[in-house]
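Read the structure below first, then the notes.
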Protein chains: 2
Amino acid sequence: MGVSTPEWVKDAVFYQIFPDRFAQSARVPKAGHLQRWGDPPHPHKYQGGDLLGVVEHLDHLVDLGVSAIYFCPVFQSASNHRYHTHDYYRVDPMLGGNEALRVLVDEAHARGLKVVLDGVFNHSSRGFFQFNDILENGEHSAYLDWFHVHGFPLHPYAGPEIPSGYEAWWGNRALPKFNTRTQAVREFLWGVAEHWIRFGIDGWRLDVPNEIDDDEFWQEFRRRVKNINPEAYIVGEIWENASRWLAGDQFDAVMNYLFTRPVLGFFGARTLNEGVISGTGYGQVPALGAEAFARQVTEILTLYPHEITLAQLNLLGSHDTPRFRTAAGGDESAFRLATLFQMTYPGAPCIYYGDEVGMQGGRDPDCRRAFPWHDPSSWNVDTLEYTRKLARVRRNRRVLSRGSFEVLHARGDLLAYARSLEGERAVVLINAGLEAASFAVAGLEPGRYREVLSGAPLELRAGEALPVAARTGLLLLRE
Amino acid sequence: MGVSTPEWVKDAVFYQIFPDRFAQSARVPKAGHLQRWGDPPHPHKYQGGDLLGVVEHLDHLVDLGVSAIYFCPVFQSASNHRYHTHDYYRVDPMLGGNEALRVLVDEAHARGLKVVLDGVFNHSSRGFFQFNDILENGEHSAYLDWFHVHGFPLHPYAGPEIPSGYEAWWGNRALPKFNTRTQAVREFLWGVAEHWIRFGIDGWRLDVPNEIDDDEFWQEFRRRVKNINPEAYIVGEIWENASRWLAGDQFDAVMNYLFTRPVLGFFGARTLNEGVISGTGYGQVPALGAEAFARQVTEILTLYPHEITLAQLNLLGSHDTPRFRTAAGGDESAFRLATLFQMTYPGAPCIYYGDEVGMQGGRDPDCRRAFPWHDPSSWNVDTLEYTRKLARVRRNRRVLSRGSFEVLHARGDLLAYARSLEGERAVVLINAGLEAASFAVAGLEPGRYREVLSGAPLELRAGEALPVAARTGLLLLRE
């Protein structure tokens with residue numbers, strides 16, 4: 001079977017939104033007991049973002065150069081992150097309900113933006129209907145075979161000293177694990193996936209799909225989704241090598257944390273905040289020099305079929321990690337260099353909401369602060385402009401999305417690489433060091449270039465060395 | 001303000017269906033762990049009735065003379081009776097979901113049948129979304145003001161020795177009581193009522209509406225429902241005098257248990273099964289003679305405005321009571337005489353599903369047995385034919401629904417009464433005794449009559465006495 005992934009993903013720039021924290025619309029009625037917008041995130045409190053708020057800021061995304069949005073869960077859930085699904089067929093009322101998603105998808109599509117939703121199919125919440133039926137009816141429940149019950153009575157809300165009586169995600173009794181061996185459960189979950197693809201979404205990000213240890217489940221999932229929309233994107237949350245799922249018959253791609261770690265290790269090498277990194281999904285992030293970094297990011301490109309590599313979701317951080325900038329000790333230049341690399345590397349870049357204006361944030365839930373629409377003075381407008389330039393050039397120049405990747409130079413703090421496609425050529429020069437440096441790279445073919453970040457034209461002569469200021473990079477596109 | 005109630009109700013014959021137990025369709029997928037159809041009802045088990053099953057038996061109802069169906073709750077609920085509402089906007093998946101209700105309402109309407117649903121607005125279930133949010137997020141919940149929380153932590157599933165921490169219906173922690181003082185809750189509940197009226201249902205039966213001690217709530221409820229469909233029926237479950245709600249600004253009618261009790265006391269006088277009656281909503285049901293019975297059923301007609309009296313839901317039993325026949329000690333004649341009275345008395349008769357084929361059943365949950373489609377040999381076909389004749393004549397002769405009610409004779413076991421309307425006249429003669437008796441009633445005007453149950457013509461001459469066999473009655477319609 002040939003491996004095929006959606007064409008649109010390969011040229012896409014994603015933007016990840018945590019729905020409770022991106023934007024609020026006055027048109028969506030809110031519950032009475034919310035945190036104030038912008039307060040330090042609380043594990044159990046809502047700040048009241050909604051989907052019409054997203055609609056009202058779509059122009060920000062278009063202006064930024066984004067072409068697809070990946071949403072953390074939007075379905076009805078009694079948690080501010082909404083991973084505790086209460087109802088898979090209903091968008092959370094505080095987000096504006098199904099009507100708001102209708103408006104969002106339509107308005108996004110009208111602007112050429114794709115919409116990918118987060119599918120949490122491994123587990124439900126304690127309030128999910130069929131699990132609630134077990135809580136209410138005990139051993140007499142009609143839905144006993146929907147979950148893994150070890151014995152009655154269950155203790156859904158007891159403290160850790162009392163076993164829950166059922167299987168749950170990582171033992172967290174708030175998240176009872178589906179019994180995906182039961183045909184009705186399989187049909188239910190596949191049906192959910194089909195329903196929202198028919199509704200018009202453009203793909204599924206799959207939460208902890210490796211916990212459903214069942215290739216056939218995901219193969220059928222893929223068949224059903226692609227049968228409705230062959231260009232739907234299926235991207236799994238797998239933090240390690242994902243070869244099992246990336247042979248072409250399950251996912252199109254994964255969240256590329258294998259990319260994130262070396263990027264953080266190289267660009268943040270001098271400033272890594274180990275306190276904020278340790279204990280997250282990253283595990284240990286060693287500081288890297290250019291040699292090791294180049295080796296790792298080259299190797300990543302060989303892990304999976306090429307079609308899949310081009311569709312990988314390359315992220316600098318997510319709702320599950322400290323923000324890149326914070327993990328890099330607050331160093332703005334680390335974030336910018338990482339963005340330059342991300343936007344010029346194979347695979348679809350994904351901007352975590354607010355990174356583009358310089359938001360900070362430590363480990364969950366601190367990485368989920370409210371977007372500072374209320375405080376524009378806090379925005380880093382230089383970073384915003386920097387990100388915008390790179391996102392736009394990424395969208396416009398296929399050499400950056402589809403071209404080959406070749407490291408030209410990698411030593412100490414200096415990295416140079418080229419992208420090539422059908423006569424097009426881009427060269428990236430990065431000086432991650434604290435002092436200015438010059439590149440005299442063999443692979444820098446002479447000719448007329450434009451440097452994207454400054455907009456300046458550049459006539460490159462044979463043997464010439466190119467100066468790059470400390471902690472900056474150049475993106476050269478051959479004219 | 002003039003009191004106005006729906007015209008169609010005054011001429012209606014209702015049929016009450018307990019959805020899990022009326023009929024199953026092979027077209028609705030079922031959960032894995034069901035009781036067998038027809039097994040003794042278990043408090044926590046489902047037998048798997050569904051709404052397409054009802055559709056498949058609508059012809060039975062039409063044939064019976066029924067013109068309206070009142071359904072016990074159909075919304076998603078983790079209980080076989082579905083009073084523990086999990087989702088007010090979704091028909092239970094085991095009933096076939098919203099799609100099945102769509103088919104049901106359309107098919108019913110196509111046959112001239114109205115559909116009334118049960119609205120459980122005083123309380124929700126523990127799995128209901130906003131209550132679940134409180135369970136999940138505790139004092140940080142966005143929906144704290146949706147319920148009456150006394151203090152944290154809550155103990156939703158603890159035993160009776162530990163207080164729940166919140167207000168619930170009659171202290172039953174499975175049924176947390178809404179805080180209907182909160183505007184968002186009011187809007188939510190009114191919105192549910194409006195939604196399903198817009199969907200096409202013909203009215204709401206309101207579960208324990210007296211527990212929402214708030215006239216303005218129900219006044220607004222009425223305004224909103226009637227604004228969408230002025231002929232929608234609003235009938236409350238009030239077991240005692242309901243004057244407060246029946247002044248024209250709240251309900252159209254109530255479930256007329258004030259009617260049920262004397263009917264049981266008179267027709268079942270000799271055989272009352274006090275063991276099965278005691279401890280039910282009926283309280284004490286004293287045996288009555290014809291004099292007391294006539295006084296009581298005459299007085300009932302004066303309790304409320306006439307428009308309301310004509311729209312009352314006159315029932316012989318429900319899902320909350322033993323079946324009439326069982327309460328009357330199994331005496332078939334008691335049920336038949338009660339049906340004769342019910343069908344010839346002002347107010348809309350309501351047949352509890354299966355009573356027409358002679359089903360028995362004691363207190364809840366025994367009164368909720370599965371309809372014996374699987375065992376036609378168990379049907380009492382005489383009672384079915386008897387009920388059918390009376391239901392049909394009730395529908396066809398306005399004198400029976402709209403006419404005045406006048407007791408002609410009431411002594412010992414003998415009761416006679418007349419209904420009159422614009423020259424039409426019906427006379428009912430009932431001999432509740434164990435021996436044949438003769439009626440020589442002054443009010444029996446001479447003339448040509450037809451006796452409905454036998455179909456026989458009858459020439460009544462002045463001063464003539466009419467014999468009535470033991471435990472039977474005659475329904476005379478003047479030709």
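In what follows, every chain begins at residue 1, and chains take the letters A, B, ... in the order their sequences are listed.
Heavy atoms only, all atoms of each residue included: A/Y143 and B/P93 are closest at OH-CG, 4.3 Å. Closest approach of B/A142 to A/A31, counting heavy atoms only: O-CB, 3.3 Å.
Only the side chain of A/Y157 comes within less than 4.5 Å of a heavy atom in chain B; its backbone stays farther off. For A/T182, no part sits under 4.5 Å from any heavy atom of chain B, backbone or side chain. For A/P153, no part lies near chain B; criterion is any non-hydrogen pair under 4.5 Å. B/Y89 touches chain A through backbone and side chain together, each having a heavy atom under 4.5 Å away. Residue A/D87 touches chain B through its side chain alone, counting heavy-atom pairs closer than 4.5 Å. Proximity to chain A (any heavy atom under 4.5 Å) is restricted, for B/P156, to the side chain, taken from C-beta onward. Residue contact with chain B, scored on non-hydrogen atoms closer than 4.5 Å, involves the backbone and the side chain of A/L135 alike. For a residue to count as touching a neighbouring chain, one of its non-hydrogen atoms must lie under 4.5 Å from one of that chain's; by this rule A/H155 does not touch chain B. Contact of B/P29 with chain A is not made at all, since no heavy-atom distance falls under 4.5 Å.
Here B/H86 contributes atom NE2 and A/N132 contributes atom CG; the two are 4.5 Å apart, rounded to the nearest 0.5 Å.
Top candidate by heavy-atom pairs under 4.5 Å with chain B, chosen from A/R90, A/H84, A/Q35, is A/R90. Each of B/L34, B/N80, B/D92 has some count of heavy-atom pairs under 4.5 Å with chain A, and the biggest count is that of B/D92. With chain B as the partner, the residue from A/E139, A/Q130, A/H33 showing the most heavy-atom pairs under 4.5 Å is A/H33. Heavy-atom pairs under 4.5 Å with chain B peak, among A/S77, A/A174, A/A158, at A/S77. Among A/K30, A/E187, A/M94, A/R126, the residue with the largest count of heavy-atom pairs under 4.5 Å with chain B is A/R126.
For CD of B/Q219, the number of neighbouring non-hydrogen atoms (other residues, nucleotides, ligands) closer than 6.0 Å is greater than 12. More than 12 heavy atoms of other residues, nucleotides or ligands lie within 6.0 Å of CD in A/Q183, so this atom counts as buried by the packing criterion.
A donor-acceptor pair is defined here as one N or O able to donate and one able to accept, closer than 3.5 Å; no such pair exists between the side chain of A/D145 and the backbone of B/G32.
Using a 30° and 60° split on the angle between ring planes, B/H140 and A/H42 fall in the tilted class, from 30° to 60°.
A side-chain donor from one of B/D133 and A/Y46 sits under 3.5 Å from a side-chain acceptor of the other.
Residues B/E136 and A/H44 fail the side-chain proximity criterion, which asks for heavy atoms closer than 4.5 Å.
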